[in-house]
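Letters A, B, ... are given to chains in the order of the sequence lines, protein chains preceding strands, and every chain is numbered from 1.
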Amino acid sequence: MFDRFIEVNSTFPKTAHVLEHKRQGGLVFGWLCTYVPEEIMHAAGALPVRITGHNQETELEDGSAYLYVNNCSFSRSCLQMGLRGGYDFLDGVVGSSTCDGARRLFDLWRNYIETPFHHVLTIPRKSTPEAHALYYQQVVQFKERLEEFLGIQITDEKLHQSIDVYNESRTLLKNLYELRKLDNPPISGAETMEVLNASFRMPKELFNEYLKDLLRDLPSSGHTHNGLARLMVTGSVLTNPEFIKSIENQGALVVADDLCTSTRYWSDPVELNEDTTPLQAISRRYLDNFPCARMFPSDKRFNRILSLVQDFKVDGVISQIIRYCVAYAHDLPLLTERLRANGIPMLALDVEYGTSGSGQIQTRVQAFLEMLGARKR
Amino acid sequence: MIHTGEKKDKIDAIIRACGVMLRMNKVRPDARESENIYYQMLSNYFTRLQDAKDEGRFVAAHTVFFPTEILYAMDIVPMHTETTTWMISLFTGECADLLSAGTDLGLASEICTPHRGLAGAFASGALPRPNVMLWSNLICDNTAKSGELLMEINRCPGFFIDHPFQHSEDEMKYLVGELNSMIGFLEEQSGHKMNWDRLAEIVARMDRQIELFREICELRKAVPSPFHTQGFLELLTIDYLFPGQPEATDYLETLRQELADMVKNGEGAVSDERFRLMSFFIPPMHLIGFLERISQEYGAVSVTEPFFTYWGEGRLDPNRPLESVAEKSYMIPETRMYGPLDDRALKSIVDCAEQYRVDGAIYYADVGCRHTCATIKLFKDILNEIDVPVLTLDCDVVDPTITSEEEVREKLERFFELLEDR
Ligand code: SF4
Ligand code: SF4
C-alpha cells in the first residue's frame, strides 16, 4: 500500500515524476519553508517541490564549509545536496525570511548554485491585520515576479484550480489523520511520514490519487497498530521515517505531530468566499496556518499542540530539536511548562537532521516509555 | 522559572567598574577625554537604572537594535539587556553562573551565550526586574524568540516589534505601525504619554550623531589610522545605550576632534602601523585588553567594521519623527546583515575594504551565532577576489572557556606573518 510513496521518497529529488515533468518541458520550483505559497507556483504551471536534505544522517562537509558548522544540519544538508547537483533540475528557488537557517540557506543558494530564478518573501511574525496586509503584498509581488520571469499571466481561474487541488490534498490528509485517532489505527507514524514526504515531492494531482487509493484500501486492509503509549512528535523539521520507526519499534505508537513536514504543512485549508480574491484567500491561509515556532505569540502554537494532544489521546510528547534550530530550542522551556500544567510528560531530544534514532536516543525513549507505562498502571 | 526578586542585582558592579576606569584614566597620560566622557555616561546610565526602583520610575528592558529613542522620549528608563548582562559577566566574573542559570531554565547549549546568559541573569536576579519587556527580531532568531521567556521569568507584560525583512514602502509602513502600537502599549502600561516634541528633538540629535559616526569613519581612513583597534565597541555602545542623547553628541564631537587632531599630526593609534584590518563581528569580551596589546605589539589596527561602524545612507527628519526612527533601523550598520544578502550588501564589504585600504580581515566566529557564521565562506570568497585574506577565529563573545589568549595569539601571529610575507 505504501510502495508508491516509498518509491517517490527513495528516489527524491530526481524522481521519475520530476524527470518526466522536465522531459515534457515543464518547470520545477523548489521552496524552502511552509510560508512559501505553493499554489502560486502551481498556478503558474510549475511543479513545486520542497527542498529537503539527505534522508539519513551524513557527513556534511560541503554544507558545513559553506554554512559553517553552527547552522542547523537541515540547512547544511539541503545546501550540500544543492551544491552537489542534487537539485540541478530546478528552474527556481523560493525562500522566505522565516528563520536564520532558512534565510541563510537561501542567501548561499543564491550565491553558489545556479538556479535561474530566485525570490525571497518577507514573512511577518505576527498575524495582525497589518501583518496580513504586508504578507498579502508579498504574495502579490511574488506572483508578479513569477509572471514576469515566465512571461505568462497567472489568472484567478488558474489560482482557483490550484486551490482546489491543494485543498483536496489537505482534506485527504486530514482524513488520513482521522484514522490515527482510532484506538488501533490502521497506519503507523512511520508509514504516515512516508505519505507526507511524498506529498511535497510529486505532482499534487497524482499524489491525491495515490492517497485516495490508500484511504480506500486502509480500513479493510486488516492492518492495525497499537502501542504501549500514544505519542506526539514535535520540534524541528523531520523527514526520516526511520526516526519514527525507531520509537515505534520500542512499542509506542506515534499518532500525532506538529512538524512543518506534517500537520503544520497540511492542516488548514485555503478558505474562499465571495468577498475574497484567490490571492487574498491564499495569503490569509499561509500566515494563519498552524504556526511555526518563529511566530508570535507562541501560545497560538502551544494551544494547537494541546488540542492535538487531546484529540489524538496523546500520552506523552517527544520533542526532537535539531541542534542550532533556535526557534524551537527557545520554545522548549515554555512548551514543557504548558504540557506539564496539562499533565503531559515530554521527552526532549537533541538530534541532527536525518537521524534514524541512535543508541542513546533509543535508551532515552525506552526510559520515557517506561515512565509513561508506570503512570498508566 | 521565576525571577528571584528578593536577591540584590549586580548593577552596582558595573557602576564600580566604571568608577575604577575613570580613576585610572585620570592618571594615564595618554587617556582621551572622550574616554572619560564614555565611562561617565556608562556610570550614569547604570546609576539611573539602579535608582529607578527607589524613585518609582518605569523601567523597560529591551534587546539589541531597539529604538530606544522612543523610551527616552517617553521618560521611561531603558535597560539594554545584552549590554547589561555582558558588563555584569565581565565585571563580576560570574559568566559561568549566568550561563548555567540559563541552561537550568531548559535553554539548549547552542542558544547563543548573550541570550542564554541574559535569561539566566534575569532568572538568578543578577538583572533587576523590569516593568515591561520589549524586543524585536533584529537581528536573529535568538533575539526574536527571547522575549516571551523573559516575560514569563519576570512576570511582566511585553511587546514584540516585528521588524520586516526587506525595505519596501509596505514594509516601512508596517514597521511604523508596529512602533505606533508599541507606543500605545507603553502609554497604557506606564501611564506616560508620548512626548512627540521630545521625540523630534531626539531624532534631530540622532541625525547629527549619525553624521558624526560617518565623519569618525572618514577619519579612520587616514594612514596611519587614528582610532584604537577595539574603539568600535565604544561606538556601538554609544548607539545601543544613548541614541539621540545630548551626552552622546558630546562624546562623538570630542572623539571626532581628537581623531582629527591625530590625523593632522600624522599620529596613528599604534606607533608603527603595519597591518590595516577589517573586523567582522564582536571579539570575545575577555580578550579585549589582550587584543589591544597585541595590536600595539604588531602594529595591527582595525580600521573598519562594515557591520558595526559603516552607517547606511540617508538622513533623519525631525518633522517625521516616528518614520525616522523606523528608517534609522535600516541605516544601522548591523542591519546590513539582516535583509537578503544581495549584491548591494556584498558590494559594501568590498567598498569598505578598498576605501580603508585593508590588508586583511578578522572574522570573529561566535559559536552560538549562526547567522553571522553562515556568511564566513561567502565574505571570504568576496574578499579573496580582491586579495584580502581573512582569518577566522572561533570564539564566544561572552564565554571565556571557548578560546584562550594563547590560542588567539598563535593564530594572530601566524596571520600577521602571512600578511607580512605578501
Ligand atoms: S523552523 Fe520554521 S521557519 Fe525554520 S525552516 Fe522550519 S518551518 Fe521554516
Ligand atoms: S550573538 Fe548572534 S545569535 Fe546571538 S543575539 Fe547576537 S546576533 Fe543574535
Open item on the list: Report which part of Leu341(B) has an atom under 4.5 Å of a heavy atom belonging to chain A: side chain, backbone, both, or neither.
Closed with: both

TODO: Examine whether an atom of Glu171(B) lies under 4.5 Å from a heavy atom of chain A, and if so say whether it belongs to the side chain, the backbone or both; otherwise answer neither.
DONE: both

Open item on the list: Assess whether a salt bridge exists between Glu148(B) and Arg338(A), defined as any Lys/Arg side-chain N lying under 4.0 Å from an Asp/Glu carboxylate O.
Closed with: no

Task: Residue Phe160(B) versus chain A: region with a heavy atom under 4.5 Å - done: both

Task: Approximate separation, where rounding is to 0.5 Å, of Cys369(B) SG and Tyr324(A) OH - done: 11.0 Å

Task: Met151(B) versus chain A, the contacting section by heavy-atom distance below 4.5 Å - done: neither

Open item on the list: With a 4.5 angstrom heavy-atom cut-off, is it the side chain or the backbone of Leu346(B) that approaches chain A, or both, or neither?
Closed with: side chain

TODO: Let me know if Phe106(A) has heavy atoms under 4.5 Å from chain B in its side chain, its backbone, both or neither.
DONE: neither

Task: Interface moiety of Arg125(A) toward chain B, non-hydrogen atoms closer than 4.5 Å - done: both

Task: Residue Leu378(B) versus chain A: region with a heavy atom under 4.5 Å - done: both

Open item on the list: Is Ala365(B) close to chain A through its backbone or its side chain, or both, or neither, when contacts mean heavy atoms under 4.5 Å?
Closed with: side chain

Task: Proximal component of Leu108(A), with respect to chain B [non-hydrogen, under 4.5 Å] - done: side chain

Open item on the list: Is Cys112(B) in contact with chain A via its backbone, its side chain, both, or neither, using a 4.5 Å heavy-atom distance?
Closed with: neither

- [ ] Give, as side chain, backbone, both or neither, the part of Asp366(B) having an atom under 4.5 angstrom from any heavy atom of chain A.
- [x] backbone

Task: Atom pair OH/NZ of Tyr66(A) and Lys377(B) - distance to nearest 0.5 Å - done: 4.0 Å

Task: Distance in Å, Ser181(B) OG paired with Lys126(A) NZ, rounded so as to fall on 0.5 Å steps - done: 6.5 Å

- [ ] Select one option (side chain, backbone, both, neither) describing which atoms of Thr392(B) are under 4.5 Å from chain A's heavy atoms.
- [x] side chain

Open item on the list: Is a donor from one side chain sitting under 3.5 angstrom from an acceptor on the other, for Asp141(B) and His330(A)?
Closed with: no

